[in-house]
Amino acid sequence: MTAVASSIPPEWYLLLAAAVFCIGLFGVLTRSDALYFLMSVELMMNAANINFVAFALYYGDLTGQVFALFVIALAAAEVAIGIGIILVLYRNFGVTDVTVPTEMRW
Amino acid sequence: MIEALIGFTFVAALLVLLAPDEWAGRLAFAFSLLPFVGSMYLWSGFDGAGNALTGGDIAYATQIEWLEVGGRTVSWFVGVDGISLPLVVLTTFLVPLAIVSAWTPIDARQSQFYGLMLFMEANLLGVFTALDFFLWFVFWEAVLVPMYFLIGIWGGPRRKYAAIKFFVYTNAASLLMFIGFMSLTFALGDSASSFALPEITGAIADGGLGTWFGISPDRIAMVAFLAMFLGFAVKVPIVPFHTWLPDAHVEAPTPVSVLLAGVLLKMGTYALLRFNFTMLPDQASALAIPIGAIAVISVIYGAMLALAQKDLKRIVAYSSVSSMGYVILGLIVFTEYGVGGATFQMVAHGLISGLMFMAVGVIYNATHTRMVGDMSGMADRMPVAVGIFVAGAFGYMGLPLMAGFAGEFFIFVGSFSAPALPYAPIFTALAMFGIVIVAGYLLSAMQSTLFGPFELETDYDVGPAPFHDVAPLAVLLVAIIVLGVAPDIFFEMIRDAAVPVVEGVTIDG
Amino acid sequence: MVNTLPQVAALLPVFLLAFTGLALLLVDTITPDARSNTSMAVVGALGSLAALAASVWLVVSGTGSADTGGAITLFAEAIKVDTMALFFTAIFASVTALVVVAAHDYFHDHESPAAFYSLVVFAATGMALLAAANSLAVLFVALEMVSLPSYVLVAYLKRNRGSVEAGMKYFLVGALSSAIFLFGISLVYAATGSLLLSDVAEGIGSLDGLAGVAGLGIVMIVGGVAFKTASVPFHFWAPEAYEGAPAPVSAFLSSASKAAGFVIAFRLFTEAFPVGASLAAGIDWVLAFGILAAVTMTLGNFAAAVQEEVKRMLAYSSIGHAGYVLIGVAALSQDGGANGAVMGAAMAHLLVYGFMNTGAFLFVAMAERWGVGRTFEDYAGLARRAPVASTAMAVFMFSLAGLPPFAGFFSKYFLFMGAIDNGFLWLAAFGAVNSVVSLYYYSRVVKALFIDDPASSSSLDAIDVRPTGLYAAVVFAAVATVLLLPGFGPVIETAEAAASALF
Amino acid sequence: MVYATIAFGLFAAVTLAFGLGVVLARDVFHAALLLGGALTSVAVHYVMLQAEFIAAMQILVYVGGVLILVTFAVMLTRSNTETEVNSA
Amino acid sequence: MIDVFSYVPAIVLLPFFSFLIALGVGKYLPKGGAFGGIAATAGSFLLSLWVLATVAGGEAANRTLYTWASAGGIGPTDVELSFGILVDPLSALMLVIVTLVSLLVHVFSLGYMNDEGETGLPRYYAGLGLFSASMLGFVVADNLLMAFMFFELVGLCSYLLIGFHFREPGPPSAAKKAFLVTRFGDYFFLIGVVAVIATFGTAQFAGTESFPALAEAALAGEGSVAWTPGGLELQTWLTVVGLLVLGGVVGKSAQFPLHTWLPDAMEGPTPVSALIHAATMVAAGVYLVARMYGFYALTPTTLAVIAFIGGFTALFAATMGVVKDELKQVLAYSTISQYGYMMLALGAGGYVAAVFHLTTHAFFKALLFLGAGAVIIAMHHNEDMWDMGGLKSKMPVTYYTFLAGSLALAGIFPFAGFWSKDEILYEALVHGLNDPLLLGGYLMGLLAVPVTAFYTFRMVFLTFHGEPRTETARDPESVRWNVKGPLTVLGVLAVVTGFINMVPVQKVLGLEGIDLLHLWLDNEWGGIEGLSSHHYGDIGPYSSGYLVGGEVGTVLVGAAVSLGLALTGLLVAWRLYNVPSPTEHTAKLGGIKDVLYNNYYLDELQVWLAYRTEDVAGGANTFDQGIIDGVVNGVSSVSLFGGSRVRRLQSGVVSQYATLLTLGLVALLLALGVTGGWFL
């Protein structure tokens, strides 16, 4: 397995992460359902994590990995809260489509 | 001493604010006499010499460090010299009179009104005595707040528009000025270690301006000059930055107009003198022709506008624009009579325009209109008030042996042959034509409102004005005549402080 | 004395806040529902005041300042307590105290106010930790500690459509921004190989070929900061969140949370991405902040000028203020002599802003408590029935506009001054123009309160209660706003010293 | 070496494919499932990067926790939506 | 020895105190404060006589009494602005004239105002007091600035008094016009004052450091002035300054083209008209030129202009007087005309002649006005001469004194006017023979003589002769001693004043010493160095030329011609109007009639100009409200509009927020990337 790390240039991971990030961002921008939104954000965070883990190995520094762990935990918490909010949103507006509640604007 | 004066006025403002409405007017008047007495005391013991900014002896100076920022100290630094003392006296003199003149027209929320008046007085005193830039700027800006309320709450029908316009416009100008001044201080670099105006003035005079972010000292000085000039031009106001003034005046209640015209406009000219013309005389001198032209335009254009007005207050308001043009002319010529006359004119105009606004107010109290076409023959019903009105109007026209003439004449004498202003005789002669137009519109207005058969549609009898309306008018008139007959009571000390300003300029050729 | 205490004592305010949060949970479980509101408010207020006292005492005693041996680092340098951290902790604690006291009256008839207090205090704990973070990891975790309770707080009124809508928008934009911020951190980590700020700075100094990656990361981090500080273009959540959220929460978000955003910026862009090294690497984030500052203040102020609702106006004004404070970062220069001055002024402004802006939102909370409505027209003539509160509001408005004799005057003007001193005349000019615009809409509030006549004689009858806690908070904020003018010396000097220590 | 490259390429492709699936899926439930796939393939990357623990956590927390939550949410909201639509 | 000159200020201040008393407590005093005024002017009169005697005794005074403003610098010069007194033969004479006329006017007012039951008497007497005080202050002024200040105060008083009947529409308007038109002249005067001070650093009239002396020295190359405007020759500049000061003179002395205020000023009470025309306001202009004659004598161009304006005004005003129907209107135009003569004299180098005419005119014009006042009392304030007639028998005192005044005005031998007018024409003639412009002035002055005689006697005949044409004229109200007294005094003076200066007699008969006024003004009995008629003659530009028979022949021819012309005018009037029921003959004038009736349309022109000024002001106002204020408000509108656009960004849809946010970030990225060169 050591060979894998040393054989793959870190730039490739950068590119992979960037691609995943962009996909997530694409999802955020194109989907109007809050749940898609949430999942897309998860993808983006995972993209960051790929970087952390990859470069932790590259630099031989564990802090990246540790941070990735934290991120996973925080992402989970965020999803939990997010789903709570989506549920109250649903209760008040009857939808999970984020483009519908526009009572406040301008 | 000055601290006591300002402090007392603040406390008095607070007390009046808390007093019941019925007492507020009387109480405020009583309180406002004390600052007046205090200023008289300052005057009697005045031992200053020269100009406070150029190393002269400052009377009653106090300097206490307040805070330090960016390596420069800000301090509580107050004191008076021959230029500021007359304005301090003017302020403390006008405020009690304005308060008395408010007794009739102000019939709601009195304690707030009088409290704000005193609060404004305290800040005005601060403006005229502060010698540290930040301190000065605090007072300078703080004047606007009570003024905003005074116009906004007790004003006429369009008071809200006028108040906001006044407030925003003059603040915008202040900011511009602030930025200009700051560039100047930073260009001074290590030459000045505080925001004390004397130190900054001295540092600039000693060539302390350095290159600042690649901009040459000359250019910085010029940019700062322009920024400050524009900033103060709004306050003065100088054409074409004057349009807030008629609106503010027309909507403001009489006592507020009195202070607005009497003292607040002087803040602008005072600051011009202190900052632009004392600190950066060479820049001023380099711009002599445009500034002279602006002065002349202010005089003539303001007078022409006054001629076109039908509202008495608007007439007086525009004529203030015109009068302030004279002051600018006096400043730009850099002669003792010019600069001294400009300062004297500030005081004189303060008294005269105060009188005029009060007189218009007295008539308004009785008629509830200020439109020229709505009334005539008021002299028939309120002879004393009208008599003083006429006297004041002639004072405004520059009748000799009244204060206005002295101020204007000093300026004219000072400017006619001034070396600092090319084509000075032509500028002066053009500006002088203002005295004809001012006579034109004031006489016309008086003819149609005060004289002729009495006509006014009211459902009540119009009788003589009450004593407490007329008394301040009379006091002002006496003061105007005294200053006109014996201008030296102020002019001597003003001149003493103006000489260093004049000497500060370098005239080519 | 400081030397006799263990180093970890420097984190006392953070511990106090965290402990208060826990204590609140405890109280909630043991007190009967009927009295829980009051007892929790008392505990929360005492706890935050204790934290405030602790941080002030630490500042005064010189903890972490350059005079007493420099910043105190803890936990393998992950935490670093210096004067700036303590200064900001003081801001957070004071805002928290005000909000907690005010919330007592605001939630007087709310079914379950208990969670509110603990959420606020936990968020404050996160902020305090944020201020002391010395590693990107700690920073991100602390940031999430602030954000997650905030999302809930905004949506706290579960049956109120406005509150829920606001919470949803805040959360979604927040989650997106967090992701961007995190990705930015990962890129920086990729480019420099470390998460410790000082090591990152070193890495920035020796980038080879990775300038683009680091630059991209920094821009994304700027985005995260912009979100937290409600700066353009990450500001979109702010008007809605502030408008929809319960007014005390709006106060908390717009003051404390915004300050938290700025502490990140100040910390990161002095220690992790120093100006000189960044510029040498071709990463001109100063320009980025300059653009953001200019656009933010302009957009905030111009939009605020045309609002009909006071609360939404305040929301936009708070965006505008973010623009002003951004000058504190945007006006830095490589060897500008006034870097410390301008950033210190920004910090001082945040402190003053903490009082005046919180006070203003609390006044809105009071109006909501009275039920007088939300628009300018609804506020007409309030001064007749509530002179004290209205006067306090006038103080806040004028102070926000930067008029003397209030503290906002000095902080704003020192900020402009610092910008000019560092050669950023154009930023100061932008600020000046915007101040003028802001004057217009701030004075509209004053005009409504004092000058306008009430729409009808009965419209003021709603003002039949005098909520003590709200009054106390508002008046206290007003007094602080006024007194900070004469007492500005120590504040600005501390702030300047704290900021200078970073360069 | 070549294997490593192939493995990276393969799982990168899988990750991206699943990711795209998430954002493009018509049905939210499908999307949630696709997200699970994407996260799992990311976990594979972690393994390749010698971060087995992280990979484990990834699967535990995400696939085991987050995904379930999402699924709950999907079910809670969608069923109601349908009934509402039906009732309407 | 008592220093009488230290009492000179009292001459000024006494009437001033009467002003204060009348204003302050006048309504509690009998006769509305009249006695205070009478006492004050009487006191002043006595003091003036004493001063006159002292001056005759060889003393004079030129003192600075009070520093108005301490020396301040203008450019390189230090200037002190002060008040002082200058008492020399000229001012002593003028003091007596002014105080005497003022005293008589006060007395007359008892009859004209008090007895007629006017209201506002304290105000009236206060005005008279201030008027006298201002004029006296002007007369004793020792410098140009002080002169200007009192000159202006005189204008103020004329405003107050002309507008005395403020409840009617006419008087306030006339008062405004009087003040405005003279203010227009004073504008130039003020520039002149400032120019003098700037040029010489002083405004003193007398002494070696006075501005005429400095100018003289500088022109002679023996000194230099402090300042001249760049590139201007001294002579040119002095001419300009002289013309500027002249502006004030033209305004106050009602010379063409600023004479239009004076006929309107007849709206004021008649005694006030007497005071204005005889001794105070209008006289002030001419007196000013005489006062600084040492300066004017240095600039020939100015003198020529003065002479030409004077001659033209004399003729021009006289022609308008021909067709007027109202008593006071005729007198008003005659005043303008007569002051034209004085200006002609001054311009022609006839300094003494001008002062002489000023003196005689003061008396006979005061007499005529007071006489007219008496007639007006009698006629119940009807002034139309066509409603009068036959008053000769009803009011003999008035008639005979009025007749004396008229003869003097018409210049009939041996009444006062003859002597002074004759001397003016003589001076203009002898100096004009070498100067065509001046000769033109002379000819116009000469032409005005028969016209003057004609309109004067037209007035006399219409008023007093023939049959009474109305009921009132048949039974006029009688007047009392307080009217008759002043008339008598003035009547005597109108007859005898001429004898103080019988130059023709002296020249023809060779009697030395009867040209008293010449000697008086030539410092024969003392005076101030440099302020003598000889000195003026020396520095003046004129040389004399003579007609047949040298000096004596010229004197005789000149006198004969002017007297003959005057008699011709008188005879024509006699023919046309001394009939029982005269008719208007104006129709014979044809188209000229309308022109004369409308005063050559000059009023219309000035009104038109005033309206155009108002139009310009209106335009400026529109510009101000529309453009300048529009810009100010426009900035606010644009800001608010911008704000309302900006807030549209906030669409309320969170997806769009995400999009905008991303776009913003990308934009930032591009900006930084391009500047930082990341993409290279």
Side-chain angles (χ1 to χ4, degrees), chain A residues 1-8 12-13 15-16 19-31 33-36 38-40 42-43 46-47 49-50 52-58 62 64-66 68-69 72-73 75-76 78-80 82-84 86-87 89-91 94-97, chain D residues 1-5 7-9 11-13 15-25 28-29 31-32 34-36 38-39 41-43 45-55 57-62 64-74 76-78 80-81 84-85 88:
Chain A
M1 294 300 246
T2 323
V4 176
S6 54
S7 63
I8 310 291
W12 291 20
Y13 280 103
L15 287 175
L16 173 65
V20 174
F21 184 83
C22 287
I23 291 171
L25 193 59
F26 177 77
V28 167
L29 299 185
T30 51
R31 307 308 298 251
D33 192 304
L35 286 165
Y36 280 99
L38 208 58
M39 290 188 281
S40 304
E42 289 306 317
L43 272 181
N46 262 281
N49 269 357
I50 293 175
F52 282 122
V53 175
F55 281 89
L57 182 66
Y58 177 74
L62 269 182
Q65 283 198 17
V66 176
L69 206 57
I72 291 172
E78 195 167 286
V79 167
I83 285 180
I86 289 169
L87 288 180
L89 175 79
Y90 181 73
R91 211 165 63 196
V95 289
T96 54
D97 187 339
Chain D
M1 247 187 283
V2 179
Y3 301 115
T5 313
F8 173 80
F11 281 101
T15 311
L16 295 178
F18 274 111
L20 275 174
V22 173
V23 298
L24 294 175
V28 189
F29 192 70
L34 288 165
L35 179 66
L39 296 178
S41 73
V42 170
H45 282 292
Y46 290 164
V47 172
M48 288 195 287
L49 286 165
Q50 299 178 347
E52 296 83 357
F53 182 66
I54 306 289
M57 283 300 126
Q58 169 92 347
I59 291 176
L60 268 177
V61 176
Y62 266 123
V66 174
L67 213 56
I68 302 299
L69 270 176
V70 174
T71 318
F72 267 138
V74 170
L76 277 173
T77 54
R78 194 163 55 172
N80 283 5
T81 314
E84 259 184 36
V85 169

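Small disclaimer: the values here were computed from a predicted structure and weren't measured. Per chain, numbering begins at 1; letters A, B, ... match sequence-line order.
Taking each heavy atom of D:L76 and A:Y90 in turn, the nearest pair found is O-CE2, 4.2 Å. Contact detail for A:Q65 and D:Q50: the closest heavy-atom pair is NE2-O, 3.6 Å. Between A:G27 and D:V23, the shortest heavy-atom contact is CA-CG1, 3.3 Å. Here the closest heavy-atom approach between residue D:A12 and residue A:L16 is recorded as CB-CD1, 3.7 Å.
With sequence neighbours excluded, the residues that form a side-chain contact (heavy atoms from CB on, under 4.5 Å) with A:L69 are D:F53, D:I54, D:M57. Applying the side chain to side chain donor-acceptor pair (under 3.5 Å) test to A:Y36 and every residue at least two apart in sequence or in another chain returns A:R31.
Using a 4.5 Å cut-off between heavy atoms, A:A56 does not touch chain D at all. For D:V22, the parts sitting under 4.5 Å from any heavy atom of chain A are the backbone and the side chain alike. The parts of D:L16 that come within reach of chain A are both its backbone and its side chain, each placing non-hydrogen atoms under 4.5 angstrom from that chain. In this structure, the portion of A:I83 lying under 4.5 Å from any heavy atom of chain D is its side chain and not its backbone. Only the side chain of A:D33 has a heavy atom closer than 4.5 Å to any heavy atom of chain D. Heavy atoms of D:L67 lying under 4.5 Å from chain A are absent altogether. Contacts between D:A32 and chain A at a heavy-atom distance below 4.5 Å involve backbone atoms as well as side-chain atoms.
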Residues A:N46, D:Q58; criterion side-chain hydrogen bond (donor to acceptor under 3.5 Å, both in side chains); working and verdict: CA-CA 9 Å; A:N46 262 281; D:Q58 169 92 347; 2.7 Å; yes
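Here the side chains of D:V66 and A:M39 are not in contact, with every heavy-atom distance at 4.5 Å or above. Contact check for D:Y62 versus A:I72: side-chain heavy atoms found under the 4.5 Å cut-off. The closest side-chain heavy-atom distance from D:V74 to A:L35 is below 4.5 Å.
Using the six-membered ring where Trp is involved, A:W12 and D:F8 have ring planes that are tilted, between 30° and 60° apart.
Note that OH of A:Y58 and CG of D:L49 are 13.5 Å apart. Values are rounded to the nearest 0.5 Å. Taking CD1 of A:I8 as the start and OG1 of D:T5 as the end, the distance is 4.5 Å to the nearest 0.5 Å.
Note: A:A54 leads A:A34, A:A54, A:S40 in heavy-atom pairs under 4.5 Å with chain D. Note on D:G9, D:G65, D:A25, D:A38: by heavy-atom pairs under 4.5 Å with chain A, the leading option is D:A25.
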